[in-house]
Amino acid sequence: MINRPRRTRTNPFVRDLVRETRVSEKSLILPIFIEEGKNIKTEISSLDGHFRYSPDRLFECVDSALENGVSKFLLFGIPKNKDEKGSSAYDDNGVLQEGLRTLKQQYKDKIYLISDVCMCEYTSHGHCGILDGQTVNNDKTLEYLNKIAISHAKAGADMVAPSDMMDGRILSMRNALDHENFLNTPIMSYAIKYASSFYGPFREAAGSAPSFGDRKSYQMDYHNVKEGLKEAIIDESEGADILMVKPALSYLDVISKLRQNTNLPIAAYSVSGEYAMIKNAAKAGLIDEYGVMCESAVSIFRSGSDILITYFANELAKAIKKGDIG
Ligand code: PBG
């Protein structure tokens, strides 16, 4: 027989050789939630195995991640006080800033810190910007996002990640960072972020659900992919260093189309709802958690993503070390 595809599947050695997708713990980013206060480590009920840490206890999470070889973190802040303008988001003594300073002091250059730049956790109304009546005012919000990004960079953020979906924010933030001499602080843009029901558990974790309406006037309609490419091309032209697609698993087609349309690195954010689905289906005895976790993560890389932001970062790093994926 001329064609016997099984020949290259006969043993682990040859399967290793023909493997098309390589996965490394170096490509993983772990999200961490930082809560204002002291001596806090509270389990997040919607995100099994994840906690909100106060800045003084962050080391508990970072130490174990480093042991697994996970050294990049995406940080979210949970402030005590919220107001109309989300002022604790750009307060130099805000919770995220304090977390950044603490971690940088403790770990110096052993870790890489990416800060989520957004307002929804900090505004009393839970929207991702400054309101004019019932709608988010795009251009007014840009000034605030710039202040947040600069404040994060000053506190030690190695990279900033705007997740707000305002128009023009990348160019505006690039200029603002450059003006403050943060010339080498990269921007990872949440370029193609859909208005998604998969964010549910996160909104519980971060207390960031909008108090009225939804985010459909700024986050994308999940029927659209060409529009996603438009967003990505705009962000690239405005100086984004990495383009993100979010969520990941229901959007593998978007990742693969983006792969064909950009030479920038692509990050995929496998969001809270994706994690919760796997965790809870496994708990119900319906699927094998480990197997589904591995298969899902590899599918995201296979679709063309270079970087994966995931709540499974530690477990995936262990699976890579064991040789089950990678
Ligand atoms: C906004 C933000 C959200 C997530 C990350 N950044 C929530 C939202 O847009 O409503 C969701 C992440 C997840 O679900 O894991 N700051």
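For the single chain, residues carry numbers from 1 onward in sequence order. Given the structure is predicted, the values throughout are model-derived calculations rather than measurements. Each ligand, and each atom within it, is numbered from 1 in the order the structure gives.
Heavy atoms of Tyr311 approach ligand 1 to within less than 4.0 angstrom. Ligand 1 is never approached by Met119 to a heavy-atom distance shorter than 4.0 Å. Within the structure, the closest approach of Ser208 to ligand 1 does not fall below 4.0 Å when heavy atoms are considered. At a 4.0 Å cut-off, at least one heavy atom of Glu121 sits close enough to ligand 1 to count as contact.
Judged by distance alone, the side chains of Glu236 and Thr262 do bring a donor and an acceptor atom under 3.5 Å apart. When only modelled atom types and interatomic distance are considered, Ser296 and Glu274 share no side-chain donor-acceptor pair under 3.5 Å.
Every atom of ligand 1 is numbered from 1 in the order shown, and the set under 4.0 Å from a heavy atom of Arg203 is 8 (C), 10 (O). Below 4.0 Å from some heavy atom of Arg215 lie the following atoms of ligand 1, by number and element: 8 (C), 9 (O), 10 (O). Close approach to Tyr269 involves these atoms of ligand 1, each under 4.0 Å from a residue heavy atom: 12 (C), 15 (O). Set against the non-hydrogen atoms of Cys120, the atoms of ligand 1 under 4.0 Å away are 1 (C), 16 (N). If you number the atoms of ligand 1 from 1 as listed, the ones under 4.0 Å from a heavy atom of Phe76 come out as 5 (C), 6 (N).
Between Tyr190 and Tyr269, the angle of the ring planes lies from 30° to 60°, which puts this pair in the tilted group. Using the six-membered ring where Trp is involved, Tyr311 and Phe33 have ring planes that are parallel, under 30° apart on the 30 and 60° scheme.
Although no hydrogens or angles enter the test, the distance criterion places a donor-acceptor pair under 3.5 Å between the side chain of Asn11 and the main chain of Val14.
In this structure, the salt bridge (Lys or Arg N to Asp or Glu O under 4.0 Å) partners of Lys104, at least two apart in sequence or on a different chain, are Asp158.
Residue, atom and distance of the protein heavy atom nearest to atom 5 (C) of ligand 1 are Lys246 NZ, 2.6 Å. In terms of protein heavy-atom proximity, atom 9 (O) of ligand 1 is nearest to Lys193 NZ, 2.8 Å. With respect to atom 12 (C) of ligand 1, the closest heavy atom belonging to the protein is Phe202 CD1, 3.4 Å.
For the pair Tyr218/His127, a side-chain contact is recorded, criterion being any heavy-atom separation below 4.5 Å from C-beta on.
Contacts of Asp116 with ligand 1, taken as heavy-atom pairs under 4.0 Å, involve the side chain alone. With a 4.0 Å cut-off on non-hydrogen atoms, Ser272 touches ligand 1 through its backbone as well as its side chain.
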### Task
For the pair Glu20 and Phe301, evaluate side chain to side chain contact (heavy atoms under 4.5 Å, CB included) and give the outcome as yes or no after the intermediate values.
CA-CA 10 Å; Glu20 297 173 39; Phe301 285 108; over 6 Å; no

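Using a 4.0 Å cut-off between charged nitrogen and carboxylate oxygen, Asp164 and Lys193 do not count as a salt-bridge pair.
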